[in-house]
Structures are given as structure tokens and as C-alpha cells.
There are 2 protein chains.
Amino acid sequence: MLTERQIQVLQVIIDEFIHTAQPIGSRAIAKKEDISFSPATIRNEMADLEELGFIEKTHTSSGRVPSEKGYRFYVDNLMLPFRLSNQDMGMIQRTFEREMIEFEKVVQKSARVLSDLTNYTSIILGPEVFETTLKQIQIISLSEHTAVAILVTSTGHVEHRYFNVPTTMQTADLEKLVNILNDRLVGVPIVHLQQKMYGEVAEMLQRYSSDFEATYAYLKEALLEKQPVKLYMDGKTNIMLQPEFHDIDKIQSLYSVMEKEDQLANLLRTSGKGIKVSIGQENELAAMQDCSLITATYSLGDEQLGTIALLGPTRMEYSRVVSILNVLSNRLSHKFNSWY
Amino acid sequence: MLTERQIQVLQVIIDEFIHTAQPIGSRAIAKKEDISFSPATIRNEMADLEELGFIEKTHTSSGRVPSEKGYRFYVDNLMLPFRLSNQDMGMIQRTFEREMIEFEKVVQKSARVLSDLTNYTSIILGPEVFETTLKQIQIISLSEHTAVAILVTSTGHVEHRYFNVPTTMQTADLEKLVNILNDRLVGVPIVHLQQKMYGEVAEMLQRYSSDFEATYAYLKEALLEKQPVKLYMDGKTNIMLQPEFHDIDKIQSLYSVMEKEDQLANLLRTSGKGIKVSIGQENELAAMQDCSLITATYSLGDEQLGTIALLGPTRMEYSRVVSILNVLSNRLSHKFNSWY
DNA sequence: TTTAGCACTCGCGGTTTCAGAGTGCTAACA
DNA sequence: TGTTAGCACTCTGAAACCGCGAGTGCTAAA
């Protein structure tokens, strides 16, 4: 285990490095207020810390830099709860105080404030409401052979899908179809739509002509098409502000990852409840292994709705970022709970 | 005016520089197939060309590089129609051959193929269909004081807006309202919606209670809210592949511009009919002054629907890009004409 | 008018140099 | 025994320097 003094030294190194991005020498540490021993002593401690893997040298003889293990230790044991400034709280406050009735806007603004506040890249997933039920379905024919189905869920989410219609199908038939669907599907949880469609509705429809069947096939495809989960990002260019990313190749690979939204979405979706920190190599995606990703979840009652995350250099202001994510995820949860 | 030989030299310089991004010397030019005079002669011609402003030196004594004036001359006078390879045509072909009934998909795929084919960044605006009329309007109440209005246009475009409802309003009233709206507004061109709303509909509604009026106020706001024009981009990271953008600052300012979608949209919307090339400083946006932007429009009948564009370094493969944009804008126009 | 020749210029990559920052070790000290 | 001062050593990064190669402009000959 680390001694009290080693921890103290480690703490200074990390705190300092987070702000300066420069290796820290024993001299600099000794000058710190709450350090009361000489550089030589500190050098000894640093040698130990290095041997234990918490810090590293960039070359044979320059100051020390936190290793990923060091950050991990910091996050797990050393990090103090950060008290957000009034200004920061004010910015978050203002994001939520304007009356908004669309969750898209809320989430977008959250992403914005998150990246503005931290100068990192913010990523928000969701919300995915699983308890949602179908409130209404409507089909509007557009041309002889195409139509659009509009679904409204109990949460007020509106979605539409285009699909083909057999040319033999009449407008009247379409109306009948809509009636049947509304009859059978309204109130059904979205997640069970598929099952219901295959079961009752299919059966019901089979009593009619083959036209219905063909339409049904198209419609089914449209309705069950996996709805892409929305990913909201902001502050993508912030990464370039970080000195460790003054390298085109790194930036490029990172940007490529950010363009693969489904991959990112998956990553965020599988991040467990609460706040989670992934440091450097701990990240699954290779392109992110110079970064840290901090995720937090927001929820409706007990049900997890989505994830908010920040992507930045491993040299992140962990404690501040965690506080901000905490506040924001709570705000988001509240907002959604007040709606539904 | 330029002599035949000067033009020949200029052509070689530009062609070569477009592919190598390296300054060209008199030696290199002399080695070209269709050049039959010595380096010394070429040096004289180059001195003239430089004096006239068509080419530049990067420093006192290195090869020449095309100036923006040079590119402009090339684009206006020298550029030969480029014959696209079968492979290129094939890629475009394949983009359109899969049956698609959503224009979003078509446009997205177009953006993709455009950036894949060129290795530049593609930007597509639209489509904005002005002749569209309202096909149907529906209002679904979500909670005591919120509702969502769903609009379907004659082109099959679906849009929804959330708005507040006075708590005194009853469901039955809402239905009445919808009926009135459908009665009065269906078939009205979208651009005239506002006018109609203020006129007939307002009058009609005033005969009812004050509740209607309040709802009307909210609804009006929601319906007339300026619909954001969609901008589709692809290949944003391609810029980093260009050697002249191996500079973080340039990249950052360019990316910042790309995040300001409304600014970009405006730029594209005001680009006149047909193909237009903006080289370097000719661009309005400061951050783009190291780039060239080539725009083309696509249309429905006579009506311009939107713009497709490519953003790349001033050292662009103008002739190829112009051909590609030509083909693609035609394809897009055809697609939309076949639908509506 | 074109071309060969030549002196000159400049950027680029590699090497050298030097100061500064930092270390590890040793020996003295409390 | 833990702490500290001192010192030799290492390494980086910036600046200075050097020589090569590519390219030019000019002059004079073809």
C-alpha cells in the first residue's frame, strides 16, 4: 500500500499535470504549499511510485507524468468531490429554465452546455423509453404505390416510415387496415409491437385478400425497422485545443470513431448505471486509447433512459467533470420525470 | 492575352500541382510529353506568367505554384470536360439503383458517394420543395397542456411540432380545431400557410371561445416556426488527408465553420443555378479562404430544390469534380422528378 | 528566338552545441 | 534510520551551422 506521503506526492503530480500537461519535477513539487519535505526526499518517493507503476518518465531524466494506473488510483481513491462554481451552476441552471416541451431540444442544449463547460467533447445517448406504448398509428397514402405510416408514442415521440403499397390496394382498404392496426396495437408497448404484429394482427389480416398480406409484409418491415438511437454530440473541435492532440493522425482516428455513431451508441448503451470512468487503454475502441471517457446515466423512475458522456484526454479534470455529469444527469432525470 | 505556349505551361503547372502538391520547376515541365522546348525557354515563360499573376513562387528560388488567379483562369478557360471512369460511374449508378422511397436516404447516399469518390468533403442542402402543399394536419394531445401537431405535405414530408394547450381546452375542442384546420388549410402551399393562418383561419376561430384563440396563438407559433433546412455532410475527415491541411489551426477553423450549419446552408442556398466554383479568397467565409467550394444545383422542373457541394483544397481536381457534380445533380434531379 | 551554361539563392535535413531541468546516488546530518 | 545537501550525469529543445540539391535569372552563343 502507498504511504501517506506517497499519496500526497501522487496527488500533486496528477493535479499539476492535469492543468499544465507538463511533466512535474521534484523541485516543483517541493514548492507546493502543503509539501514540507525536500526535493531529494520527493525524488525517493517518486522512484518508488514509478516502480509501483503510478507515474512514468517521458525520458530518462525529466519530470514525472501520471500513468494510467495513476489516474485510476486517483479516480478511485483520491478524487475529492468538486464544488462547482456559481457560474458553472448558473450555466446549467439556465439550460433547463427555459420552458421546453421537446426532449430533443433539452438534450441538444445539455450537450452544448456540457461541452462549453468542460471544453471536452460531449456525447449524449437517448432517451430510449422502453415503457412507451403506441398511442396512435396513421397511414397516409402518398402515391399509387407508396404510403407513409406515422406512429405516435405515449411519450409524444413521433416517427414516420415510408413503405410500398401494392398497386391493387384501394384507399378504402388502407383505411380498413389502419383501423385494424389501431384497434389491435394502440396501448401496446413498443417493444412488444413486433410480437403482436406477428401474432394477432397477422392472423386478423389473413382473413382478407392477398393484397392485405402484401401490404402487411411491407408495413411490418417499415414498422419493425430498428429505430436508430439518436446520438447528440457537441464540441467536437474541442479536442484539438488539447496540446496532446496537436497531432493530425490522432485527431483523424478520433474523428473517424466519432463518425461511427452506431458504434458509439453501443458503447454508451452498455455502460452500466451511474458514473463510470474509462481511462486510456481501458477503452474498448482503439482510437480512444489516448482518451478518457466518462459516462453517466439518466433515468425515468427506475428505468435507465440514456447516457451522457464526456470524451477528453486522459489528462482530464476528473473531479470537476464527474461533478458536472452528476448534476446534469440529475437534471435530465428530473426533467423527464416531470414529463412522463 | 496569354500566348499559346504560356497557356501550355500554365496547364502543365496546374495539372501537376493538383496531383503532387509540390512546386513545379522548369526542368520537370520540359520533361512532359507535349512540351517541346527547353527549360530555359520555360523559365522565361514562367517569369512572364508570374508577372501576370497566374503563378507564384513559394520562395525566391523554387518551382512555381498556381495562384488563385491561375486556378480561376484554368477553371474558366482551360478545363477540359473530364470523362469519368467506368468505375466512378458505376459507384454513382449503384447509389441510385436500389429502390428508395425516402429522399433522406437518397440524399445521404449521394453525400456519401460524393465524398468517397473525391476524397473531399461533401455538403448537400435540401431538398426544399416550395410548391409543396399541405396534405394533412393532425393534432394529438399528449398531456393536459401539451400537444403535438403533425403535418404531412404533398411530397410525403412529415413534420411535427410540439405546442402548449390551455388547460381549459377539451379534447372535443381540439378535434373541432383540427377539423377547421384541415378544412381550411389542406391543399394550401406551405409558403402560403402563414398568410392563410392570419387571414381566414384566424377569423374562423375568433367565432369560438377565447380558448381557441389562445390555442391558436400557440399553434400558429409552432406551425410557422421556420423549419430548419437539412444539411447533409459526409467525409469531414477527408480534409485532413490533404497535405496542405497538416496544420491544426487551419483544420480547427475549418471544422468550426462546418459546425455552423445555418451559415453553410445560407451560403449554399444563395449559390445561383448551375455549377459554380469559388476559389480561395473568393469565398465569403474567412475560414474557407484556403479552400475551394464547388456547388451545383438540382431541381424539380424549373424549380431549384437544393444544392450539392464539395469542399476541398484550392488545389482541387476541378475538372473531375465538376463532372461528378454534374452527373450527380442530374441524377438527383431525375430522382425527384420521377417522384413528384 | 531559343537554348546552353553558369553563378547565385534558398529551403531542407542532418549535425553540433549549449543551457536548463531533472534525476540518482552518496555522504553527511538530526 | 529517515531526511537532506551536494554533485555528477542524462536528456531535451532551441539555436546555430553546414552542405546538398533544386531551381532560378542572366548572359552569351547558336
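Quick caveat: nothing in here was measured; it's all calculated off a predicted structure. Per chain, numbering begins at 1; letters A, B, ... match sequence-line order.
For the salt bridge (charged side-chain N to carboxylate O under 4.0 Å, His left out) with B/R64, the qualifying choice from B/E16, B/E50, B/E45 is B/E50, the only one to do so. With B/S292 as the partner, the side chain to side chain donor-acceptor pair (under 3.5 Å) test is satisfied by one option alone out of B/Y318, B/Y120, B/Y71: B/Y318.
Residue contacts for B/S26: at a heavy-atom cut-off of 4.0 Å it reaches the sugar-phosphate backbone alone, with no base atom in range.
Checking C/dT2, D/dT10, D/dG23 against the side-chain heavy atoms of B/S62 singles out D/dG23 as nearest. Comparing C/dT3, D/dC26, C/dC10 against the side chain of B/T60 picks out C/dC10 as the nearest. The A/A40 side chain lies nearest to D/dT4 when the options are D/dT4, D/dT24, C/dT3. Distance from the side chain of A/H59 is smallest for D/dC11 among the nucleotides D/dC11, D/dG23, C/dT2. Comparing C/dT3, C/dG24, D/dT3 by their nearest atom to the side chain of A/E50 picks out C/dG24.
Put simply, the side chain of A/I248 reaches to within 4.5 Å of the side chain of B/I251, judged on heavy atoms. Residues B/Q11 and B/Y74 meet the side-chain proximity criterion, which asks for heavy atoms closer than 4.5 Å.
Look at NZ on A/K57: it is 6 Å from C1' on C/dT23, rounded to the nearest Å. Atom CE of B/M46 is separated from atom P of D/dG25 by 7 Å (rounded to the nearest Å). Separating the CD atom of A/Q22 from the P atom of C/dG20 is a distance of 17 Å, rounded to the nearest angstrom. One can place CD1 of B/I42 at 18 Å from P of D/dC26, the figure rounded to the nearest angstrom. For A/R27 and C/dG22, the CZ to P distance is 8 Å, given to the nearest whole Å. Separating the CZ atom of A/R64 from the P atom of C/dG22 is a distance of 11 Å, rounded to the nearest angstrom. Nucleotide C/dT1 holds its C1' atom 18 Å from the CD atom of B/E4, rounded to whole Å. Rounded to whole angstrom, the span from the CD atom of B/E45 across to the P atom of D/dT24 amounts to 13 Å.
Between D/dT4 and A/S38, a contact under 4.0 Å exists linking OP1 or OP2 to a side-chain N or O. OP1 and OP2 of C/dC25 both lie 4.0 Å or more from every side-chain N or O belonging to A/R43.
A/D76 places no side-chain N or O within donor-acceptor distance of the main-chain N or O of A/F73, the cut-off being under 3.5 Å.
The 5' end of DNA chain C is approached more closely, in terms of each residue's nearest nucleotide, by B/R5 than by the other of A/S61 and B/R5.
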